[in-house]
Amino acid sequence: MNKFIPILISAFLLLAACAPAPANPALILATTTSTQDSGLLDVLVPLFEEQSGYTVQTVAVGSGAALKMAEEGNADVLLVHAPSAEKTLMQAGWGRDRFLVMHNDFILVGPAGDPANIKGLAAQEAYRTLAEKGSAFISRGDDSGTHKAELAIWGKAGIDPKGQAWYVETGQGMGASLTIASEKDAYIMTDRATFLANQENLDLEILVEGDASLLNVYHVITVNPDKWPESSYDGALAFVNFMTDPDTQAVIGQFGVQEFGQPLFFPDADKTDADLGLE
């Protein structure tokens, strides 16, 4: 853990001692597997619980499934990374508030020998090359934010990989899908945080990175209490305030630095979507 994080944790605990207990302490957080598999939630959720008095039930699924939970009233607050689908959710009235929290990026990883020779290519060109050569590609295939981003790149490359023998959908989370790709000497798109957190157990290397299409942005969303009156809107707002608080943003910015030599996420609560190039 980075040396600055224990200091910030101590500050949170001092605040927690003064915080009144909520009337309804149960809070359901629907989030992505990447925030869970990277280890970030293992740091943030206990801090939030100590500071606020809420008890968080974390449901780590793909962003598509998390958004569906909001529509069905099965979550109080979301932490997701599928901006286009998030906007659809908000326009339909299922979400009340939406705030920018952080970003990292997607990367394309594959066998160290890189048999398809895609290292250093732009994302669309790499995808075209993989399709032309029929190189094994693992997809989460779970309507997650990562899956949506992957399909968007295939679409821009003019390729429909569905049904191709070389294209395998796992229907699983990021960590499990990375393991499958490693076992099969296949290529896969992943968020950088989950890859770095698991790389010592993987026989995969980063081959494509830095493309504008690989930006990975996270928002926190409250479920609309007008649609679901039984939802914990007060708890959801408490979580929003926690995630966008400067102290929490500092924890996010330091997460991963000591272990990996670089942050796994970049705090963005002081920015707008336009600042990150989102429409």
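Just so it is clear, the structure is predicted and the values come from calculations on it, not from any experiment. Quick note: numbers below take in every heavy atom, side chains included, and nothing from hydrogens, waters or symmetry partners.
Within the structure, no pair that satisfies the ring pair (Phe, Tyr, Trp, His ring centres under 6.0 Å) test touches residues 172-196, not counting sequence neighbours. Applying the salt bridge (Lys or Arg N to Asp or Glu O under 4.0 Å) rule to pairs touching residues 127-142 yields Arg140-Asp142, sequence neighbours excluded. Residue pairs meeting the salt bridge (Lys or Arg N to Asp or Glu O under 4.0 Å) criterion with at least one partner in residues 90-104, sequence neighbours excluded, are Glu86-Arg98, Arg96-Asp226, Arg98-Asp273. Residue pairs meeting the ring pair (Phe, Tyr, Trp, His ring centres under 6.0 Å) criterion with at least one partner in residues 109-136, sequence neighbours excluded, are Tyr127-Phe137, Tyr127-Trp154. The stretch residues 162-175 participates, sequence neighbours left out, in these side chain to side chain donor-acceptor pair (under 3.5 Å) pairs: Ser139-Tyr167, Glu150-Tyr167, Lys162-Glu169, Thr170-Ser177. Every pair passing salt bridge (Lys or Arg N to Asp or Glu O under 4.0 Å) that includes a residue from residues 62-73 is listed here, sequence neighbours excluded: Lys68-Glu71.
Partners of Phe266 under the ring pair (Phe, Tyr, Trp, His ring centres under 6.0 Å) rule, at least two apart in sequence or in another chain, are His103. With sequence neighbours excluded, the residues forming a side-chain contact (heavy atoms from CB on, under 4.5 Å) with Glu183 are Thr179, listed by chain and number. Residues satisfying the side-chain hydrogen bond (donor to acceptor under 3.5 Å, both in side chains) test with Lys87, not counting sequence neighbours, are none. Every residue two or more places apart in sequence or in another chain that forms a side-chain hydrogen bond (donor to acceptor under 3.5 Å, both in side chains) with Asp275 is listed here: Thr272.
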Audit row: Phe239, Phe48, ring pair (Phe, Tyr, Trp, His ring centres under 6.0 Å) steps and yes/no: CA-CA 7 Å; Phe239 187 76; Phe48 172 69; 5.2 Å; yes
For a side chain to side chain contact (heavy atoms under 4.5 Å, CB included) check, start with the C-alpha distance between Thr222 and Val240, then their side-chain angles and the critical distance, and finish with the verdict. CA-CA 8 Å; Thr222 61; Val240 166; 3.5 Å; yes
Just distance, no hydrogens or angles: give the donor-acceptor pairs under 3.5 Å from side chains in residues 198-209, sequence neighbours left out.
{"from": "Asn198", "atom 1": "ND2", "to": "Thr194", "atom 2": "O", "distance (Å)": "2.7"}
{"from": "Glu209", "atom 1": "OE1", "to": "Arg192", "atom 2": "NH1", "distance (Å)": "3.2"}
{"from": "Glu209", "atom 1": "OE1", "to": "Arg192", "atom 2": "NH2", "distance (Å)": "2.8"}

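Members clustered with Tyr233: Leu237, by chain and number, using a 4.5 Å side-chain heavy-atom cutoff among hydrophobic residues.
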